[in-house]
Amino acid sequence: MVQAYVLVQTEAGRAADVAREIAAIEGVTQAEDVTGPYDMIVRAQAEDVDALGRLVVARIQRLDGIARTLTCPIVNI
């Protein structure tokens with residue numbers, strides 16, 4: 001299982017709507033609105049890194065209102 005934090009920038013005024021849509025996506029375990037350079041932090045999980053990539057690119061980034069994402073996989077050191 002691969003887990004990651006996905007930092008999301010939204011178009012102005014869209015953060016709350018986008019957060020609700022993202023929270024409903026299978027594989028998303030948490031979606032929180034935040035302040036700062038990003039509007040939302042999403043925690044997601046998938047079977048492997050390829051599935052994580054598909055989740056971010058095909059499901060999250062395609063939502064209306066998404067301006068940019070930054071995916072930060074969680075590592076165990």
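Quick caveat, the model's predicted, so the values are computed rather than measured.
- Tracing side-chain contacts under 4.5 Å through hydrophobic residues (I, L, V, M, F, W, Y), one reaches Val8 starting from Val28; they form part of the same cluster.
- In the hydrophobic cluster analysis, where Ile, Leu, Val, Met, Phe, Trp and Tyr join through side-chain heavy atoms closer than 4.5 angstrom, Val42 is grouped together with Val2.
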* Derivation of the side chain to side chain contact (heavy atoms under 4.5 Å, CB included) call for Glu11 and Val18 -> CA-CA 9 Å; Glu11 295 171 359; Val18 171; over 6 Å; no

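- Taking hydrophobic clusters as Ile, Leu, Val, Met, Phe, Trp and Tyr residues chained together by side-chain heavy-atom distances below 4.5 Å, Leu63 does not share a cluster with Tyr38.
- Across all non-hydrogen atoms, the minimal contact from Ala44 to Leu55 is CB-CD2, 3.6 Å.
- Across Pro73 and Ala4, no two heavy atoms sit closer than the pair CA-CB, 3.7 Å.
- Exactly one of Ile66, Leu7, Thr10, Asp33 qualifies for a side-chain contact (heavy atoms from CB on, under 4.5 Å) with Asp39. That residue is Thr10.
- With no hydrogens or angles considered, no side-chain donor-acceptor pair links Thr29 and Gln45 at under 3.5 Å.
- What you find for Ala31 and Ala19 is that their closest heavy atoms are CB-O, 4.1 Å.
- Annotation: side chain of Met40 is not in contact with side chain of Glu32 (no heavy-atom distance under 4.5 Å).
- Connection of Val57 to Val49 is not established within any shared hydrophobic cluster, with ILVMFWY side chains joined at heavy-atom distances below 4.5 Å, either directly or through further cluster members.
- Within the 4.5 Å cutoff, the side chain of Ile74 has heavy atoms near those of the Arg43 side chain.
- Atom CD1 in Ile60 sits 11.5 Å away from atom CD in Glu21 (nearest 0.5 Å).
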